[in-house]
Amino acid sequence: MAEVFLKLENIKKSFGGVQALKGVDLEIKKGEILCLAGQNGCGKSTLIKVISGAHEQTSGDYYLEGKKVEHLKPIDAIKAGIQVIYQDFAVFPNLTVAENIAMNNSLMTGTKVMNWKNSRELALKAMEMVGAHMDPDILVERLTVANKQMVAICRAIINDAKFLILDEPTTALTKKEVENLFEIVRGLKKKGIAIMIVNHKLDEIYEIADRLTIIRNGEYVSSGDISEYDRARFIRDLTGHDIVEETYHPEKSQEEILKVENLSRQGAFENVSFTINKGDVIGVTGLLGSGRSEIGDALFGIAPADSGKVTLKGKEIQIKSIEDAIKNRIAYVPEDRLTQGLFLDRSIRDNMVAASINKYFHGGKLDFKAIADDTAKWIKEVSVKTENDLVPIRTLSGGNAQKVVIAKWLNTDPELIVLNGPTVGVDIGSKSEIFDILHDLANKGVGVVVITDDLSELVQNCNKIVVMRNGKAVAYLDQAEKHVEENEVYDIFSKEGGEE
């Protein structure tokens with residue numbers, strides 16, 4: 001039996017009067033891959049910080065390789081072989097690959113002057129260990145997201161990592177990049193490294209995990225071999241209730257909401273056409289660089305199309321700018337909600353009316369009561385979980401923040417809403433709630449376009465699918481004509497050349 005590397009018993013953590021962890025147990029063995037799952041806001045990040053010494057638990061016992069540890073500091077955790085790779089990777093974009101990889105080693109040895117030759121040799125050694133192929137002298141800012149992640153992994157293992165924590169490592173990766181990452185993770189497992197992956201995508205968990213631990217609302221829920229969890233149990237343990245997952249099939253309607261004809265933009269996409277009728281939720285998918293996101297940018301006027309025709313509710317419209325899109329009652333939920341969709345330090349109330357503030361001016365004065373009333377209405381309608389509407393957005397979980405972005409645009413009474421990656425970084429419970437909102441909008445006659453590379457949510461929640469490849473719409477799939485499978489979509493958009 002493999003030796004236990006880390007064991008936590010009844011870990012609790014409070015911040016003032018708020019209890020973030022209410023009693024969490026966790027155990028991981030050497031040479032094992034454990035997935036930690038939980039909805040956004042359940043305490044996963046706090047638990048990681050306790051493990052890595054960034055936070056000290058309020059109570060509970062912490063054991064490393066059988067020895068009880070007290071007052072753990074981050075440097076102690078690093079010396080013990082614990083390495084955390086967060087979602088932003090914590091790399092230095094203005095330094096080279098070699099400099100980034102050697103950074104931790106310099107910290108551990110107390111070196112104050114960079115030895116360029118040694119740094120390069122360390123980097124090449126680390127890359128060889130994980131099978132990564134990068135120029136050690138290139139600036140990290142020039143790397144893809146996947147390669148930045150490889151730099152972070154190389155930096156971790158070069159310092160004799162015994163326990164590697166990957167926090168939501170697949171969020172910004174393509175399917176092929178996820179496969180490459182998992183191959184590297186399996187290689188590290190064979191070397192005897194304990195690995196914990198924070199993830200709530202069940203398909204990926206099944207593919208990579210040996211065991212699964214689930215926490216909810218700061219409390220331990222369950223743990224076991226991955227074979228013990230079917231999809232129903234996973235969802236029930238994660239959310240506390242059953243979620244019925246059914247493929248979306250709206251009632252057939254001839255009422256046309258949006259018609260796009262031969263939409264083109266040089267260098268991005270060409271001759272893209274599709275129609276949305278009442279009830280339709282149309283998904284646009286393809287590999288990174290296929291033109292999928294650029295279609296959304298064109299419909300909202302961020303990067304307008306050069307040619308083509310757009311008809312909304314029977315009226316041909318011109319979209320040459322964002323102002324044109326908003327004037328024609330088009331809403332857009334961006335892929336990066338944190339930097340493009342929200343004002344993080346402002347309240348829910350301020351964010352909720354940011355796109356519709358003009359309608360609250362009466363006689364040169366803001367109607368604050370109307371703002372408060374509408375905010376309360378939308379919080380209820382889209383089920384934002386919050387103590388009140390005056391808390392800053394940055395205090396919300398990913399799913400609740402995304403609901404605020406959607407509600408902000410719904411408050412403009414849109415006729416078309418375009419959503420780019422609407423559930424990135426959102427837990428399964430909030431995903432279901434978000435698509436319930438979108439399905440309801442579609443059935444009320446709002447045009448809904450979802451741009452995503454998450455094939456499971458695509459085929460489950462979109463009754464029509466446009467598949468993009470090399471800037472062209474290479475397939476139009478309709479669930480009413482034939483049930484669409486994930487593999488079918490992937491085979492279409494990855495054909496002829498794979499990753500773009």
Side-chain angles (χ1 to χ4, degrees), residues 1-13 21 23-38 43-44 46-57 59-86 104-105 107-108 125-126 128-131 152-167 169 181-199 204-215 220-229:
M1 182 179 290
E3 183 183 346
V4 173
F5 177 77
L6 173 78
K7 187 174 183 178
L8 304 179
E9 294 181 345
N10 198 28
I11 295 294
K12 297 180 181 179
K13 178 61 182 175
L21 298 177
V24 175
D25 297 335
L26 186 139
E27 180 180 286
I28 185 164
K29 301 178 179 70
K30 295 179 180 179
E32 175 183 62
I33 299 174
L34 172 75
C35 273
L36 175 66
K44 299 190 300 290
T46 303
L47 184 62
I48 290 172
K49 288 175 181 176
V50 168
I51 293 172
S52 62
H55 290 329
E56 184 174 352
Q57 68 268 30
S59 63
D61 296 322
Y62 185 127
Y63 297 91
L64 268 179
E65 298 186 275
K67 296 179 181 178
K68 189 171 182 179
V69 176
E70 295 181 352
H71 311 302
L72 184 77
K73 299 289 188 290
I75 190 64
D76 300 326
I78 292 171
K79 287 178 178 177
I82 298 171
Q83 296 281 345
V84 184
I85 298 175
Y86 292 101
N104 275 15
N105 187 260
L107 177 67
M108 293 287 289
K125 179 183 175 183
E128 184 180 355
M129 288 171 69
V130 301
I153 291 174
C154 287
R155 184 178 61 195
I157 65 166
I158 204 64
N159 292 294
D160 299 321
K162 296 179 181 179
F163 179 29
L164 188 63
I165 302 173
L166 300 169
D167 186 12
L181 172 65
F182 284 176
E183 192 62 34
I184 287 168
V185 168
R186 291 187 189 102
L188 297 175
K189 171 190 170 181
K190 288 178 182 177
K191 297 179 190 295
I193 296 175
I195 299 162
M196 185 170 82
I197 298 177
V198 179
N199 200 337
E204 292 179 358
I205 291 172
Y206 270 124
E207 186 178 344
I208 193 64
D210 298 315
R211 286 194 309 115
L212 173 64
T213 293
I214 297 177
I215 62 176
Y220 169 86
V221 175
S222 67
S223 189
D225 290 342
I226 192 63
S227 60
E228 298 175 23
Y229 290 83

(request) Drop me the distance from Tyr86's OH to Leu166's CG, to the nearest 0.5 angstrom. (result) 12.0 Å
(request) Tell me, please, which residues at least two apart from Lys30 pass side-chain hydrogen bond (donor to acceptor under 3.5 Å, both in side chains). (result) Glu3, Glu65
(message) Once rounded to the nearest 0.5 Å, what's the spacing between atom CD1 of Ile153 and atom CG of Leu188?
(response) 7.0 Å
(request) Find the distance between CD1 (Ile33) and CD1 (Ile197) and round it off to the nearest 0.5 Å. (result) 5.5 Å
(request) Would you mind checking if Glu183 and Arg186 are paired as a salt bridge, meaning a charged N to carboxylate O distance below 4.0 Å? (result) yes
(request) With rounding to the nearest 0.5 Å, note down the distance linking CD1 in Ile28 to CG in Leu34. (result) 4.5 Å
(message) Show, in sequence, the C-alpha distance, side-chain angles and deciding distance for Phe182 and Glu207, and conclude whether the side-chain contact (heavy atoms from CB on, under 4.5 Å) test is met.
(response) CA-CA 9 Å; Phe182 284 176; Glu207 186 178 344; 3.8 Å; yes
(message) Contact between Val221 and Thr213 at the side-chain level, heavy atoms closer than 4.5 Å - yes or no?
(response) no
(request) Determine yes or no for a side-chain-to-main-chain donor-acceptor pair under 3.5 angstrom, with Asp25 supplying the side chain and Asn10 the backbone. (result) yes
(message) Between Glu32 and Lys189, does the side-chain contact (heavy atoms from CB on, under 4.5 Å) criterion hold? Intermediate values first, please.
(response) CA-CA 6 Å; Glu32 175 183 62; Lys189 171 190 170 181; 6.0 Å; no
(message) Distance check, rounded to the nearest 0.5 Å: Ile48 atom CD1 versus Ile85 atom CD1?
(response) 11.5 Å
(request) May I have the step-by-step check of side-chain contact (heavy atoms from CB on, under 4.5 Å) for Ile193 and Lys162, ending in yes or no? (result) CA-CA 5 Å; Ile193 296 175; Lys162 296 179 181 179; 6.0 Å; no
(message) Test your reading of the model: is there a side-chain donor-acceptor pair from Ser223 to the backbone of Leu212, 3.5 Å cut-off?
(response) yes
(message) Is it true that, when you exclude Glu128 itself, more than 12 heavy atoms of the residues, nucleotides or ligands shown sit nearer than 6.0 Å to its CD?
(response) no
(request) Mind checking the CG-CE spacing from Leu164 to Met196? Nearest 0.5 Å is all I need. (result) 10.0 Å
(message) Looking at Tyr62 and Ile51, would you say the former's side chain and the latter's main chain have a donor-acceptor pair under 3.5 Å?
(response) yes
(message) Could you work out, with side-chain hydrogen bond (donor to acceptor under 3.5 Å, both in side chains) as the rule, every residue matching Ser52, not counting sequence neighbours?
(response) none
(message) Can a donor-acceptor pair be found, under 3.5 Å and without considering hydrogens, that links the side chain of Lys7 to the backbone of Leu26?
(response) no
(request) Decide, yes or no, whether a salt bridge links Asp167 with Lys44 under the criterion of side-chain N to carboxylate O below 4.0 Å. (result) no
(message) Which residues pass the side-chain hydrogen bond (donor to acceptor under 3.5 Å, both in side chains) test with Glu204, not counting sequence neighbours?
(response) Thr170, Asn199
